Amino acid sequence: MPLRYLFKQLLLPPGGLFVLLLLAWWWRARRPRLALACGVLGLGGLWLLSLPVAVEWGGRLLEREPALAPAEWPQLAQRAEAIVVLGGGRERGDPGWGGDQPSLLAMERARFAARLHKASGLPLLVSGGLHYGAPPSEAALLAGVLQEDFGVPVRWQEGASRTTWENATLSAPLLREAGVRRIVLVTQAWHMPRARWCFEQQGFEVVAAPMGFLGVANARPWGGWLPEATAVWQSGQLLNEAVGLLAYPLVYR
């Protein structure tokens with residue numbers, strides 16, 4: 001397991017919050033005040049992560065790009081030369097399907113890209129590497145789903161990237177070789193600012209096609225102030241994205 005993955009899991013919530021709770025237990029006798037502070041921060045953080053209303057607020061902060069209206073889809077061929085779909089993870093060995101499958105996030109992106117392709121006729125590039133270090137790549141899985149389930153061919157596959165930055169840097173040569181300079185970029189709305197920045201750094205003109213918005217009315221009982229398991233996962237995605245959005249301009253120049 002790469003050390004950077006281990007550090008990321010331990011530092012970012014919810015892992016970092018569990019570390020605080022562990023420290024609270026460890027220091028309960030020797031450093032009671034510090035233990036209390038760690039306990040309050042750990043439990044308070046977990047409670048906040050579990051609230052749908054917190055997901056809604058976090059989504060609104062990150063989701064800067066407006067949705068692409070369906071009326072605009074047929075005109076996309078006048079604004080771009082290709083559609084780029086970013087991989088969003090993969091699920092290992094699903095017995096129901098007889099093998100690995102794209103994650104739910106990736107499936108959302110594939111479905112949306114298929115709609116855009118059918119409306120605009122633009123060719124597709126899918127990008128995503130070996131999420132678990134072994135084939136098939138996320139790109140290959142996405143290409144299979146697009147062809148078999150949506151009847152949409154994929155012209156290019158980039159199957160080596162491990163990060164959003166590599167999505168852009170490794171896709172760039174394939175697109176440039178085909179004369180593509182303007183792209184429609186498909187990913188979740190909260191991921192779009194970082195993804196767009198990465199492709200713009202490679203010199204592409206980007207038409208953002210965000211989907212999967214979280215910063216919308218949560219429609220939960222009590223306004224979303226009751227804990228919910230799904231909110232913990234969504235909050236983790238948003239926090240990871242916020243850190244990446246801040247770190248990328250410092251790390252990649």
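Everything numeric in this text was worked out from a predicted model, so none of it was measured.
For R79, the CZ atom is loosely surrounded, since the number of other residues' heavy atoms within 6.0 Å does not exceed 12. Environment of CZ in R182: crowded, with over 12 heavy atoms of neighbouring residues, nucleotides or ligands closer than 6.0 Å. Heavy atoms from other residues, nucleotides or ligands lying under 6.0 Å from CD of E177 number 12 at most. Around atom CG of L34, more than 12 heavy atoms belonging to other residues, nucleotides or ligands sit under 6.0 Å away. Heavy-atom contacts from other residues, nucleotides or ligands closer than 6.0 Å to CZ of R220 number more than 12. Annotation for R60: atom CZ counts as buried by contact number, over 12 foreign heavy atoms lying within 6.0 Å.
Between the side chains of E166 and S161, no donor N or O sits under 3.5 Å from an acceptor N or O.
A donor-acceptor pair under 3.5 Å is formed between the side chain of S235 and the backbone N or O of L49.
M192 and F112 sit in two unconnected hydrophobic clusters of ILVMFWY residues. Membership requires side-chain heavy atoms under 4.5 Å apart, directly or through other members. Grouping the Ile, Leu, Val, Met, Phe, Trp and Tyr side chains by contacts below 4.5 angstrom, directly or via other members, places W156 apart from I83. Both L122 and V207 belong to a common hydrophobic cluster when Ile, Leu, Val, Met, Phe, Trp and Tyr are linked at side-chain heavy-atom distances under 4.5 angstrom. Residues L142 and L125 do not share a hydrophobic cluster, defined by chaining ILVMFWY side chains whose heavy atoms lie under 4.5 Å apart. Note on W57: it does not cluster hydrophobically with L239, by side-chain heavy-atom contacts below 4.5 Å among ILVMFWY residues.
Residues F213 and V216 meet the side-chain proximity criterion, which asks for heavy atoms closer than 4.5 Å. In this structure the side chain of R109 reaches within 4.5 angstrom of the side chain of H191, judged on heavy atoms. Using a 4.5 Å heavy-atom cutoff, the side chains of I183 and E81 are not in contact. Side-chain contact between F199 and S171 is present, with at least one heavy-atom pair separated by less than 4.5 Å. In this structure the side chain of M211 reaches within 4.5 angstrom of the side chain of E108, judged on heavy atoms. Looking at heavy atoms from C-beta onward, L105 lies in side-chain contact with Q188 at the 4.5 angstrom threshold. F204 is not listed as a side-chain neighbour of V84, based on a closest heavy-atom distance of 4.5 Å or more. Within the 4.5 Å cutoff, the side chain of V145 has heavy atoms near those of the M107 side chain.
Atoms CG and CD, on L61 and E56 in that order, are 11.0 Å from each other to the nearest 0.5 Å. Distance check: L48 CG to L17 CG gives 9.5 Å after rounding to the nearest 0.5 Å. The OH atom of Y248 sits 8.5 Å away from atom CD of E241, with the distance rounded to the nearest 0.5 Å. Here CG of L51 is found 12.0 Å from CD of Q234. Values are rounded to the nearest 0.5 Å.
Salt-bridge formation is not detected for the pair E205/R181: no Lys NZ or Arg NE/NH1/NH2 atom is positioned less than 4.0 Å from an Asp or Glu carboxylate oxygen.
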Report, one line per pair, each donor and acceptor closer than 3.5 Å where one atom sits in a side chain of residues 85-94; sequence neighbours left out.
{"residue": "R90", "atom": "NE", "partner": "D100", "partner atom": "OD2", "Å": "2.9"}
{"residue": "R90", "atom": "NH1", "partner": "A134", "partner atom": "O", "Å": "2.8"}
{"residue": "R90", "atom": "NH1", "partner": "P136", "partner atom": "O", "Å": "2.9"}
{"residue": "R90", "atom": "NH2", "partner": "D100", "partner atom": "OD2", "Å": "2.9"}
{"residue": "R90", "atom": "NH2", "partner": "A134", "partner atom": "O", "Å": "3.0"}
{"residue": "R92", "atom": "NE", "partner": "D100", "partner atom": "OD2", "Å": "3.4"}
{"residue": "D94", "atom": "OD1", "partner": "G96", "partner atom": "N", "Å": "2.8"}

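A cation-pi arrangement is absent between R194 and W197 under the rule of less than 6.0 angstrom and at most 45 degrees off the ring axis.
In this structure, W165 and Y252 have parallel ring planes: the angle between them is below the 30° cut-off, well short of the 60° mark.
For A139, the side chain to side chain contact (heavy atoms under 4.5 Å, CB included) partners at least two apart in sequence or on another chain are V126, S137, Q157.
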